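Data first, discussion second: the structure below is written as structure tokens.
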Amino acid sequence: MNNNVHLIEHPLIQHKLTLMRDKTTTTKEFRELAKEVSALMVYEISRDMKLREVEIETPIGKTKGKVLKDEIALVPILRAGIVMAEGILDLIPTAKVGHIGLYRDPKTLMPVEYYCKLPRNIDKYKVFIVDPMLATGGSGAKAIEILKSKKVKDIVFVCLISAPEGIELINKRFPEIPIYTISIDERLNSHGYIVPGLGDAGDRIFGTK
Ligand code: PRP
Ligand code: URA
């Protein structure tokens with residue numbers, strides 16, 4: 001496996017992921033867990049983020065401090081990515097948010113684009129694409145293609161559960177893009193669902209089934 005895949009195995013994250021996988025977990029609990037896990041993931045991912053020095057004044061006197069160097073934009077893939085973006089915004093509230101709407105055609109499993117609204121000058125941002133599931137990799141690859149067509153250079157892909165098939169596709173087409181995930185599951189089933197996975201992330205987040 002390419003070392004541009006980063007598996008985050010923090011015990012709190014693994015605990016919450018197990019609750020998310022459990023089919024008896026309610027919509028409300030599932031949504032809260034997805035938000036919490038996403039925030040915890042970004043805490044880990046942001047360890048290596050660059051800082052720049054700024055001069056500030058405390059109530060006592062002048063000093064130098066550090067703030068994040070890069071402007072951050074979150075791009076959730078609709079629908080399921082929305083809740084991940086909400087969790088990350090709790091930690092990085094100044095992030096801008098773009099949306100890419102994609103759904104998988106149930107027969108071909110190919111992504112169909114139905115919406116795209118991105119922050120102005122998106123090419124100047126460090127962009128986190130967020131989507132709970134990386135299955136065949138088709139949706140992730142399509143979102144990356146869209147951002148690359150807007151000249152975005154700094155992209156990271158953040159997902160909860162990934163399948164080896166999806167990782168392979170993204171790695172092969174975009175080896176420069178890091179993938180952050182909290183689990184690499186066994187495989188896809190014949191319907192393109194991740195096994196064991198957690199089912200349909202959108203349906204579980206929004207209670208649509
Ligand atoms: C799910 C998921 C990803 C996609 C992953 O969305 O949230 O976007 O499938 O599958 P892939 O890697 O094979 O492309 P879905 O298409 O079910 O849409 P939804 O979020 O609107 O339910
Ligand atoms: N999309 C989901 O929501 N779940 C899967 O297992 C695969 C794609």
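Atoms within a ligand are numbered from 1 in the order they appear, just like the ligands themselves. Just so we're clear, the structure is a prediction, and the values are computed from it rather than from any experiment.
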If Ile, Leu, Val, Met, Phe, Trp and Tyr residues are connected whenever their side-chain heavy atoms lie under 4.5 Å apart, and connections chain through other members, are Ile77 and Leu109 in the same group?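 No; Leu109 is not reachable from Ile77 via cluster members.
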Between Tyr125 and Leu68, is there shared hydrophobic-cluster membership here, with clusters defined by ILVMFWY side-chain heavy atoms closer than 4.5 Å?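 No.
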May I ask you to check whether [X] has an N/O atom sitting below 3.5 Å from an N/O atom of ligand 1?
X: Ala135; value: yes
X: Ile77; value: no
X: Arg104; value: yes

Name the closest protein heavy atom to [atom], giving the residue it belongs to and the distance to 0.1 Å.
atom: atom 13 (O) of ligand 1; value: Thr136 OG1, 2.5 Å
atom: atom 17 (O) of ligand 1; value: Asp200 OD2, 4.1 Å
atom: atom 18 (O) of ligand 1; value: Leu102 O, 4.0 Å
atom: atom 14 (O) of ligand 1; value: Ser139 OG, 2.6 Å
atom: atom 2 (C) of ligand 1; value: Asp131 OD1, 3.4 Å
atom: atom 21 (O) of ligand 1; value: Arg79 NE, 3.1 Å

Salt-bridge present ([X], [Y]; N to O < 4.0 Å):
X: Arg21; Y: Asp185; result: yes
X: Glu36; Y: Lys16; result: yes
X: Arg31; Y: Glu86; result: no
X: Asp203; Y: Arg79; result: yes

Using a 4.0 Å cutoff against the non-hydrogen atoms of Tyr103, which atoms of ligand 1 qualify?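 Counting atoms of ligand 1 from 1, those under 4.0 Å from Tyr103 are 16 (O).
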As a test of the contact definition, would atom 6 (O) of ligand 1 count as having a protein heavy-atom neighbour under 4.0 Å?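 Protein heavy atoms within 4.0 Å of atom 6 (O) of ligand 1 - there are none.
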Test salt bridge (charged side-chain N to carboxylate O under 4.0 Å, His left out) applied to Asp154 and Lys124, Lys148, Lys126, the passing residue: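 Only one of Lys124, Lys148, Lys126 forms a salt bridge (charged side-chain N to carboxylate O under 4.0 Å, His left out) with Asp154, namely Lys126.
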Heavy-atom side-chain proximity of Val112 to Leu102 below 4.5 angstrom: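 Val112 does not reach Leu102 side chain to side chain.
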Got the residues with a heavy atom under 4.0 Å of ligand 2, by chain and number?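 Correct list: Arg104, Met133, Ala135, Gly192, Tyr193, Ile194, Gly199, Asp200, Ala201.
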Can you find a non-hydrogen atom of Pro111 under 4.0 Å from ligand 1?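 The answer is no: ligand 1 sits nowhere under 4.0 Å from a heavy atom of Pro111.
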Answer with side chain, backbone, both or neither: which part of Ala201 has a heavy atom less than 4.0 angstrom from an atom of ligand 1?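 Near ligand 1, Ala201 shows nothing, with every heavy atom at 4.0 Å or more.
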Selection residues 5-51 - residue pairs positive for ring-ring contact (aromatic ring centres under 6.0 Å, His included), sequence neighbours left out: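 For residues 5-51: His6-Tyr180.
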CD-CG distance between Glu165 and Leu188, expressed to the nearest 0.5 angstrom: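 Answer rounded to 0.5 Å: 3.5 Å.
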Can you spot which of Ile88, Val158, Leu91 makes a side chain to side chain contact (heavy atoms under 4.5 Å, CB included) with Met41?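 One option only clears the test, and that one is Val158.
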Please determine whether the number of non-hydrogen atoms from other residues, nucleotides or ligands lying under 6.0 Å from atom CE of Met49 exceeds 12.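 Correct, the count exceeds 12.
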